[in-house]
Amino acid sequence: MLKILMVDDEKWVRERFAQRIPWSDGGFTFMGAASSAKEAISMIEREVPHLLLTDITMPNMNGLELAAYVRKRWPRVRIVILTAYGEFEYARKAIELGVDNYLIKLAQTPEQILEACRKVAEDLEQELDIDHKLEMRLKLEREKEWTKKRQWTERLMEGEGSIQELPVPSEWLTGVESASYVVGITIGWRVTGSSGQVDPTLEELVQLQSQLAEVLEVKLDAQMLGDGNGLAILPLHHTHLLLLIGSKREIPAFHLSQLARMAQDAVHVFAPVKSLAHIGSVEELGKLRWTEKQLANLIRKGRDGLAAYFYSEGEKPSIVLRRLDAQQSREWTAAVVKALQRENVEVFREAVTVMITLGAPPIHPGDLLRLTRQMLQPELVRLPDAVIARLSGIDRLTTWNTYLEWWLATIDAICEWWSQQAQPPVTVRKEIQWMCRYIREHYQADLQLAELAKLVHMHPSYAGQMFKQEIGENFLEYVNRVRMEKASEMLERTTMKIYEVSGAVGISDYRYFCKLFKSYTGVTPTQYKSNMG
């Protein structure tokens, strides 16, 4: 609702306007009535109204003088003059001041006064609507530009393509493009909150990052940066910002520390986060122009400078982080993927031990998170829906403790899922549970539904119908799945020939076994055995 303020030195007039005019019916909020121009200015300084109604004849500063003052200081405020006089001279001066209406207050009914204010408000609402649309358009353009910046820095850090294929737009470096000296201050943060609070989504983190960048742009203005210094801000990942400080002359270390503290304070005031900062070394550019390689190095140094905080909840620890080479990464990934493919609890827990134990020195968190994503790819291995949903949270793991908790919960979820698959749910009828257990114990035998139904005292057709209803697959599908699971284990753990494995799981037809095995695993027995080697 539009806010309206009224000014008149006569009490009975103020009471009439406050009590007798149904402002809310006209879409207004009546802020109050001032008894003088001085009081009105004081009220406007606390809260600016959309519409000002002012009498002309008042002591010290009359209504026309007040209108002129408000028009100059708050040009967006609409003004309606109220007077007991109809002299042309007053009206002429009001028109010259650009007031929006001129009313003889004693000649107007409450309804007429409200209607006159509504006509003024209609023009104001159109202006506000245009302003709102313009503001939304600018906001959308900023979001698009911010997304481009994030995508650019992410590609640069991931090393997709060469540096030359990722030219940085010059407008992103406005303020530092002609600097002789440059330094990067990397600001990071961890979202804090009360226990039990839901972790923020990736979209919320990205939005917070963009908002923090706006806050820092305002906070670190030209006065704070110092004479001749400029600032450009780039997003890194979704919980870091790179503050590029450029200068014509070398920047003192104490000034950089001061700017870093100011940035951290601004971040803390704006949002409930724990801020982190890394101040890079000042680099001399001289008369050379910016290169993408220089910017890439600044970004990587800043990210690496904050990486040690991953292993500390407090001050930055004095540790050297270990980087993994490609060969070691491939070996660790292959071990976990194989364990997931064969769905063996013991082997899986052993393979992932390397991910949840600290080495000496500890592994760089960037490598840890990258490896985690590579190991748990739904395209390569079967994963429960609960774990697939957890994969989106990998990028939000900012400390060793949260990373460890995430892995332990993920391991438990996967192992429990395998256990549930191996055994029918406890809610399944006891007869069906017994049949499933019998199949797993005698999978190598010639299993017939009629024989098992007879053992549990059920009619074969009814037993088959009940089995499908309770387990989710028919009798033969379940038998074949169990046999293929056992065949996979034999091919991996033993030196048995493929035809020997076929006979060991109860399938005498070798060709049928190969066809069935591929339908369940996606590869032939030969390929599977080769991959396991």
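Residue numbers run from 1 in the order of the sequence given.
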Determine, step by step, whether Leu371 and Asp367 satisfy the side chain to side chain contact (heavy atoms under 4.5 Å, CB included) criterion, reporting the C-alpha distance in whole Å, the side-chain angles of both residues, the deciding distance to 0.1 Å, and the verdict.
CA-CA 6 Å; Leu371 272 180; Asp367 291 349; 5.5 Å; no
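- Between the CD1 atom of Ile81 and the CG atom of Asp55 there is a distance of 8.5 Å, given to the nearest 0.5 Å.
- Ion pairing between Lys38 and Glu65 fails under the 4.0 Å rule for side-chain N and carboxylate O.
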Could you walk me through whether Lys149 and Trp152 pass the side chain to side chain contact (heavy atoms under 4.5 Å, CB included) test, one step at a time?
CA-CA 5 Å; Lys149 290 181 180 181; Trp152 188 89; 5.7 Å; no
Pair Arg46-Ser42, side-chain hydrogen bond (donor to acceptor under 3.5 Å, both in side chains): steps then yes or no
CA-CA 7 Å; Arg46 292 194 299 271; Ser42 178; 3.2 Å; yes
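- Taking both residues in full, the closest heavy atoms of Ser275 and Val267 are given as CB-CG1, 4.2 Å, listed atom of the first, atom of the second, then distance.
- Using modelled atom types and a 3.5 Å distance limit, the side chains of Gln209 and Trp189 yield no donor-acceptor pair.
- Side-chain contact annotation: Gln207 with Glu203, donor-acceptor N/O pair under 3.5 Å absent.
- In this structure, Val48 and Val77 have side chains that are in contact, with non-hydrogen atoms separated by less than 4.5 Å.
- Between Trp406 and Tyr403, the distance separating the two ring centers is not shorter than 6.0 angstrom.
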Between Arg322 and Gln328, does the side chain to side chain contact (heavy atoms under 4.5 Å, CB included) criterion hold? Intermediate values first, please.
CA-CA 12 Å; Arg322 178 161 53 114; Gln328 194 171 41; 4.1 Å; yes
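- Between Asp9 and Arg14 there is no salt bridge, since none of the side-chain N atoms of the basic residue sits less than 4.0 Å from a carboxylate O of the acidic one.
- Looking at every heavy atom in both residues, Leu208 comes nearest to Ala271 through CD1-CB, 3.8 Å.
- For Arg118 and Phe28, the positive end sits near the middle of the six-membered ring, less than 6.0 Å away and at most 45° from its axis.
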Show your working on side chain to side chain contact (heavy atoms under 4.5 Å, CB included) between Leu369 and His364 and close with a plain yes or no.
CA-CA 9 Å; Leu369 300 183; His364 192 290; over 6 Å; no
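- Heavy atoms of other residues, nucleotides or ligands lying less than 6.0 angstrom from CD of Glu45 number more than 12.
- When all heavy atoms of Ser392 and Arg396 are compared, the closest pair comes out as O-NH1, 3.3 Å.
- Heavy-atom neighbours of Gln327 CD from other residues, nucleotides or ligands within 6.0 Å: above the threshold of 12.
- The shortest side-chain heavy-atom distance between Arg78 and His50 does not fall under the 4.5 Å cut-off.
- The number of heavy-atom neighbours closer than 6.0 Å to CG of Asp325, taken from other residues, nucleotides and ligands shown, is above 12.
- Counting heavy atoms from C-beta on, the side chains of Arg71 and Arg76 never come closer than 4.5 Å.
- Heavy-atom minimum distance, Met355 versus Trp400: O-CH2, 3.9 Å.
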Set out, in order, the CA-CA distance, both residues' side-chain angles and the distance that settles salt bridge (Lys or Arg N to Asp or Glu O under 4.0 Å) for Lys219 and Asp265, then state yes or no.
CA-CA 10 Å; Lys219 181 68 175 178; Asp265 290 342; over 6 Å; no
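- Rounded to the nearest 0.5 angstrom, Leu295 CG and Leu244 CG are separated by 6.0 Å.
- Between the side chain of Gln377 and the main chain of Gln374, a donor-acceptor pair closer than 3.5 Å is present.
- By the neighbour-count criterion of 12 heavy atoms within 6.0 Å, atom CD of Glu331 is densely surrounded, having more than that number from other residues, nucleotides or ligands.
- Checking side-chain atoms of Thr353 against main-chain N and O of Arg349 turns up a donor-acceptor pair under 3.5 Å.
- Side-chain contact between Phe348 and Leu340 is present, with at least one heavy-atom pair separated by less than 4.5 Å.
- Separating the CG atom in Leu236 from the CG atom in Leu234 is a distance of 7.0 Å, to the nearest 0.5 Å.
- Side-chain atoms of Asp221 and Leu231, non-hydrogen and from C-beta on, never get closer than 4.5 Å to each other.
- With contacts defined as side-chain heavy-atom distances shorter than 4.5 Å, the pair Trp23/Thr29 does not qualify.
- The line from OG of Ser210 to CD of Glu145 is 11.0 Å long, rounded to the nearest 0.5 Å.
- Between the CE atom in Met31 and the CD1 atom in Ile44 there is a gap of 7.5 Å [rounded to 0.5 Å].
- To the nearest 0.5 Å, atoms CZ (Arg382) and CD1 (Ile388) are separated by 10.5 Å.
- The side-chain heavy atoms of Arg150 and His237, taken from C-beta on, include no pair separated by under 4.5 Å.
- For Asp412, the CG atom counts as densely surrounded, since its 6.0 Å shell holds more than 12 non-hydrogen atoms of other residues, nucleotides or ligands.
- Salt-bridge formation is not detected for the pair Asp304/Lys301: no Lys NZ or Arg NE/NH1/NH2 atom is positioned less than 4.0 Å from an Asp or Glu carboxylate oxygen.
- Exactly one residue among Val282, Leu225, Leu220, Val182 makes a side-chain contact (heavy atoms from CB on, under 4.5 Å) with Ile245. That residue is Leu225.
- A donor-acceptor contact closer than 3.5 angstrom links the side chains of Asn229 and Ser247.
- Residue-environment remark: CG (Asp25) exceeds the threshold of 12 foreign heavy atoms within 6.0 Å.
- Checking side-chain atoms of Lys338 against main-chain N and O of Thr333 turns up no donor-acceptor pair under 3.5 Å.
- Inspection of the Arg261 and Gln264 side chains reveals no N or O donor paired with an N or O acceptor under 3.5 Å.
- Between Val273 and His268, the closest heavy-atom pair is O-ND1, 3.6 Å.
- Counting all heavy atoms, side chain and backbone alike, Ala213 lies closest to Ile233 at O-CD1, 3.7 Å.
- Using a 4.5 Å heavy-atom cutoff, the side chains of Cys117 and Leu53 are in contact.
- Of the possible donor and acceptor atoms, one in the side chain of Tyr311 sits under 3.5 Å from a partner among the backbone N and O of Ile363.
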